[in-house]
Asker: 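To start, I am sharing the structure in question, which I have written as structure tokens.
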Amino acid sequence: AQIVMLDSVTGFNLTMQDEDFASRLHALCKYLANMGVTVILINQVNDLSGTFQDTGTNITYLADNLISLQYVERLVNGKVELRKAIGVVKKRLSDFEKTLRELEITRYGLKVSQPIEGLQGILGGSLPVDEE
């Protein structure tokens, strides 16, 4: 295998039954990394939007890269719409793109917008007003 994706970390935790989840996940990730395997961990947090949470499970130290996908509200033509935003929160060993972008999942694949300008309060779940 070249890539292993664990979707979800919560499901993996449920299989541990009283064992030390973080230690087991750490050992699994280190083993796979030593074998040259790229590991992708998917972790869902409980809140639909609102205050940013990294993982809620104290395992971010395992990640070389941390990408946030979250729902945000956007006012479009006087109506509030639920949208998805994507951004890099952490990238070990180098600098990274620090802007947030709107993410759309279309029948043709993923569409990532240009950086969203004038953001403030995004970690609270709001995007600026759209002038459409």
Side-chain angles (χ1 to χ4, degrees):
Q2 294 178 335
I3 298 175
V4 170
M5 181 168 61
L6 187 59
D7 184 10
S8 78
V9 170
T10 303
F12 181 78
N13 188 12
L14 290 173
T15 67
M16 291 294 97
Q17 301 180 355
D18 299 331
E19 295 182 41
D20 184 5
F21 155 71
S23 294
R24 289 291 189 139
L25 187 58
H26 177 94
L28 176 63
C29 290
K30 288 300 179 187
Y31 170 77
L32 291 170
N34 287 339
M35 298 298 290
V37 175
T38 298
V39 180
I40 300 172
L41 302 175
I42 308 294
N43 190 51
Q44 179 177 331
V45 294
N46 293 329
D47 293 336
L48 183 62
S49 67
T51 305
F52 173 78
Q53 299 177 43
D54 53 12
T55 66
T57 55
N58 298 321
I59 59 167
T60 56
Y61 74 93
L62 292 173
D64 288 332
N65 304 292
L66 188 61
I67 299 171
S68 171
L69 298 172
Q70 68 184 97
Y71 289 102
V72 294
E73 296 172 335
R74 189 161 189 181
L75 188 60
V76 178
N77 297 324
K79 296 180 184 176
V80 176
E81 294 184 358
L82 190 61
R83 302 282 181 99
K84 296 173 192 76
I86 185 169
V88 177
V89 178
K90 167 186 170 183
K91 184 171 188 325
R92 197 173 305 217
L93 304 177
S94 67
D95 201 12
F96 59 92
E97 171 74 31
K98 293 177 178 67
T99 62
L100 287 173
R101 298 167 182 257
E102 189 171 323
L103 173 71
E104 290 183 74
I105 302 171
T106 72
R107 67 183 196 168
Y108 303 107
L110 298 177
K111 179 181 175 187
V112 179
S113 72
Q114 293 296 316
I116 303 168
E117 295 186 17
L119 289 178
Q120 64 182 38
I122 186 66
L123 298 180
S126 299
L127 283 176
V129 173
D130 192 344
E131 299 296 329
E132 294 178 15

Asker: Is any side-chain heavy atom of L100 less than 4.5 Å from a side-chain heavy atom of I86?
Answerer: no

Asker: Looking at N34 and K30, would you say the former's side chain and the latter's main chain have a donor-acceptor pair under 3.5 Å?
Answerer: yes

Asker: To the nearest 0.5 Å, what is the distance between CD1 (I67) and CD1 (I42)?
Answerer: 9.0 Å

Asker: Applying the 4.5 Å side-chain criterion to the ILVMFWY set and letting contacts propagate, would L66 and V112 be lumped into a single cluster?
Answerer: no

Asker: Taking atom CZ as the centre, does F96 end up with more than 12 heavy-atom neighbours from other residues, nucleotides or ligands that are less than 6.0 angstrom away?
Answerer: yes

Asker: Going from CG on L41 to CG on L6, what distance comes out if it is rounded to the nearest 0.5 angstrom?
Answerer: 6.0 Å

Asker: Is it the case that more than 12 heavy atoms not belonging to Q2 sit under 6.0 Å from its CD atom?
Answerer: no

Asker: To check you understand the geometry: which heavy-atom pair defines the closest contact between K84 and I105, and what is its length?
Answerer: CE-CD1, 4.3 Å

Asker: To the nearest 0.5 Å, what is the distance between CD (E104) and CZ (R83)?
Answerer: 6.5 Å

Asker: About how many Å separate CG of L103 and OG of S68, when rounded to the nearest 0.5 Å?
Answerer: 11.0 Å

Asker: Can a donor-acceptor pair be found, under 3.5 Å and without considering hydrogens, that links the side chain of R101 to the backbone of S113?
Answerer: yes

Asker: What's the spacing between T10 OG1 and L14 CG if we round to 0.5 Å?
Answerer: 7.0 Å

Asker: What distance do K98 atom NZ and K91 atom NZ have between them, rounded to the nearest 0.5 Å?
Answerer: 10.5 Å

Asker: With a 4.5 Å cut-off on side-chain heavy-atom distances among I, L, V, M, F, W and Y, is there a chain of contacts connecting M5 to V9?
Answerer: no

Asker: Hey, quick one: are I40 and L32 part of the same hydrophobic cluster, counting side-chain heavy atoms closer than 4.5 Å, chains of contacts allowed?
Answerer: no

